[in-house]
Amino acid sequence: MEENAGISLLHDGAPLLGFALVFVLLFRRLGLGATLGFLVAGAVVGPQVLGLVGDAEAKMGIAELGIALLLFLVGLELSPSRLWRMRRDIFGLGLLQVTICGLVLAALVWVATRFSPGAALALGLPLALSSTAQVLPLLQSAGRLRTDFGERAFAILLFQDLSIVPLITIVAAMSRNPADQNGPPGWQLALYTVLAVVGLILAGRFLLRPLFRLIGNLGEREMFVFAGLFAVIASAAVMEALGLSAALGAFIAGVMLADSPYRHELEADVEPFRAILLGLFFLAVGMALDLHAIAERPFFVAGMALALIAAKAGLIMALGLVFGMKRRQAFALGILLSQGGEFGFVLFAQAQRALLVEPQAASIFGAIVTLSMATTPFVMMATKRLRAEPAPSSEGLDAPRQDGSNAVVVGYGRFGQTVAQMLIGQGIPVTIVDTDVEMIQTAGDFGMKVYYGDGTRIDLLRQAGAADAELLLFCQDGDGLDTEKLEGLHHAFPDATIFVRAYDRRSVMKMKGAPIAGAVREVLESAIVMARRAMQAVGVDGSEIDKTEGEYRRRDYERLKIQRDTGDLYAARDSMFSQAGQAAAMLSDLERK
């Protein structure tokens, strides 16, 4: 049996990954997004077209871990300071969007299908959710994620992700499945929920944080991957064992670690697993689509998809206007969030298990969500002129530069502390990354937030916001950065101005031709200051001190340039101020006399 299971895994895995690779690359190339590529690949490779892979339900069970990982990453975004700053948009605009759109779309489903009110709610409420996997890449590629518009869109998506758990609870409360009816009463479920949440929070503070601190001290990056996955799976398993939502457990695990210094490292380590499992989830959804049921009612599917897009766009635009957005921005927000979302598939499956809807209805509404997602790029292109702002004034041009003024500082030792604090003193938002656990803890005692992680890794820098940063400052000890690494960093973050702390002349020589704005030798300026003070102490005139400093800087710069060009540390050594040179100069003076 084990041998057959292994053969089955290989038999299913090869066509699934192969078709996913082809379709995702094709749909990415066409600008339609990876999600749609996975869905179409699943439908083609599934039992209703080519029949190469079957048992979609079993694969869905494994792939739902991708949903848990997604909610874990959402939880990591919820640091208390960010929640507080965005509270009005998250819990005001987001709550109204989900509630109003959900009820209106449920009414639309009831009118169009004459299903029972419970079935209409189970199908209509999920339609209020938009596609986080589709919208966030659109905002990032347009460079608008950190603007006011981007933060409004993110706030709505964030509340939509948070609303998954209560929506699942609503569907479970309306369940007609006897297995669900025999579950614990509501008050007991609520008590379990409170106790589980409190228990997970305590476990996070007194077990998980010390665990990550220990791993950080050991410097074992692989163990971070194990520990991150353990935190997600263990939290989800606890909630599922109590009859609650596994997704809620994963989300709480993320929130527990949102304000820890290990957040960016965890995001970078967990993200690949989230992407793979979420892709498998969409493949399984595509395999489960009942294409025959869709073919029987193509006009209904197309009409409901258009009605979904129009209703959500209009309602979200109206809410945006109420919350003070300009008309074009509100219209753009409505269009951007008008599609259905990936969590709709989860809730449709939940409604089917609760015996609220037939499998055929779940397939049809899954197709409606899929079609709405497929039309998003086309709708965005068609409305580009309507969404475009008028020719900006100088005031309008200044705002994006101010919103985007930020820096990522890698290394918070004696050098990085000065750099970061001076930037903060100028009002420039700074994200600081370091690998020294003791330094991170000490910095926290002084009110500085330093995140744990290897700041030379491109994936971690991207998690820390380097893609939107104007400054990328490498202030760590040592000489680990060379031209090749810096070229990779510049290629990954072309809009960021890069400065590097150099250990010595050899470090500067290793960075020959690197695409950086400057390399600063860590002790040069402080050594010059000490030399100036020493000359002052023995009575040297100020103008002579300035002259000596200027001459030293000129010689040093020219010698370093020659050393860097030739790769020879001993090049132009005759230009140095040296004792031998000083003796020769004194002898020359005596001869002239």
Side-chain angles (χ1 to χ4, degrees), residues 219 221 264-265 268 404-426 428-436 439-440 443 448 450-529 552-569 571:
R221 186 195 161 196
H264 292 306
E265 183 79 12
S405 283
N406 51 39
V408 178
V409 175
V410 179
Y412 195 64
R414 62 189 189 280
F415 192 98
Q417 289 174 21
T418 300
V419 173
Q421 290 178 38
M422 288 188 69
L423 292 176
I424 293 170
Q426 184 57 33
I428 299 174
V430 173
T431 297
I432 309 170
V433 180
D434 203 328
T435 55
D436 188 333
M439 174 61 72
I440 292 171
M448 295 294 293
V450 182
Y451 290 102
Y452 178 87
D454 180 0
T456 62
R457 286 173 49 194
I458 290 175
D459 55 350
L460 187 134
L461 285 172
R462 187 169 282 112
Q463 296 288 351
D468 298 313
E470 292 186 2
L471 295 170
L472 194 52
L473 308 164
F474 292 95
C475 304
Q476 71 271 38
D477 291 326
D479 59 351
L481 291 175
D482 55 20
T483 301
E484 183 179 356
K485 285 186 179 181
L486 290 167
E487 285 177 346
L489 290 164
H490 175 70
H491 180 74
F493 312 110
D495 296 330
T497 302
I498 300 176
F499 289 92
V500 181
R501 167 190 178 181
Y503 179 74
D504 56 13
R505 307 180 76 85
R506 293 183 182 88
S507 300
V508 178
M509 291 167 65
K510 284 174 62 177
M511 291 181 268
K512 175 186 175 183
I516 59 177
V520 180
R521 278 178 282 163
E522 58 185 32
V523 298
L524 175 64
E525 298 300 327
S526 55
I528 288 175
V529 170
Y552 171 78
R553 287 184 182 274
R554 183 188 66 79
R555 293 188 184 200
D556 182 74
Y557 173 78
E558 291 177 355
R559 186 163 66 96
L560 182 59
K561 184 177 184 299
I562 295 171
Q563 289 173 322
R564 194 167 48 198
D565 291 341
T566 61
D568 181 7
L569 181 65

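Position 1 is the first residue of the sequence, and the numbers go up from there.
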Quiz item: Hey, does the side chain of Thr483 reach the backbone of Lys512 with a donor-acceptor pair shorter than 3.5 angstrom?
Solution: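 Yes.
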
Self-check item: Any donor-acceptor N/O pair, Asp434 side chain to Tyr412 backbone, under 3.5 Å
Solution: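 Flag set: sc Asp434 to bb Tyr412 pair under 3.5 Å.
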
Practice problem: Using a cut-off of 6.0 Å, state whether more than 12 heavy atoms not belonging to Glu487 lie near its atom CD. | Solution: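 Enclosed: over 12 neighbouring heavy atoms sit under 6.0 Å from CD of Glu487.
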
Quiz item: Is Phe499 atom CZ crowded by more than 12 heavy atoms from other residues, nucleotides or ligands, each under 6.0 Å away?
Solution: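 Yes, CZ of Phe499 has more than 12 neighbouring heavy atoms, counting only those of other groups under 6.0 Å.
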
Exercise. Taking salt bridge (Lys or Arg N to Asp or Glu O under 4.0 Å) as the test, write out the residues that go with Arg521, two or more places apart.
Key: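 Arg521: salt bridge (Lys or Arg N to Asp or Glu O under 4.0 Å) contacts with Asp556.
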
Quiz prompt | Pairing residues for Arg554 by the salt bridge (Lys or Arg N to Asp or Glu O under 4.0 Å) criterion, not counting sequence neighbours | solution =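 For Arg554 the salt bridge (Lys or Arg N to Asp or Glu O under 4.0 Å) partners, ignoring immediate neighbours, are Glu551, Glu558.
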
Non-hydrogen side-chain atoms of [X] and [Y] separated by less than 4.5 Å:
X: Met448; Y: Ile424; result: yes
X: Arg501; Y: Val520; result: no
X: Val433; Y: Val450; result: no
X: Leu471; Y: Val409; result: no
X: Leu423; Y: Leu473; result: yes
X: Thr497; Y: Leu472; result: no
X: Tyr503; Y: Asp477; result: no
X: Phe415; Y: Gln476; result: no

Can you measure from [atom1] ([X]) to [atom2] ([Y]) and round to the nearest 0.5 angstrom?
X: Leu489; Y: Ile498; atom1: CG; atom2: CD1; answer: 5.5 Å
X: Thr456; Y: Leu486; atom1: OG1; atom2: CG; answer: 10.5 Å
X: Ile432; Y: Met439; atom1: CD1; atom2: CE; answer: 11.0 Å
X: Thr431; Y: Gln463; atom1: OG1; atom2: CD; answer: 12.0 Å

Write down the atom of [X], the atom of [Y], and the distance for their closest heavy-atom approach.
X: Ala492; Y: Ile458; value: CB-CG2, 3.7 Å
X: Met511; Y: Ile516; value: SD-CD1, 4.2 Å
X: Gly411; Y: Cys475; value: O-CB, 3.8 Å
X: Val408; Y: Ala464; value: CG2-O, 4.1 Å
X: Gly455; Y: Phe474; value: O-CE2, 3.5 Å

Self-check item: Arg553 with Glu525: basic N within carboxylate O range, under 4.0 Å
Solution: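 Judged by the 4.0 Å cut-off on N to carboxylate O distance, Arg553 and Glu525 do form a salt bridge.
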
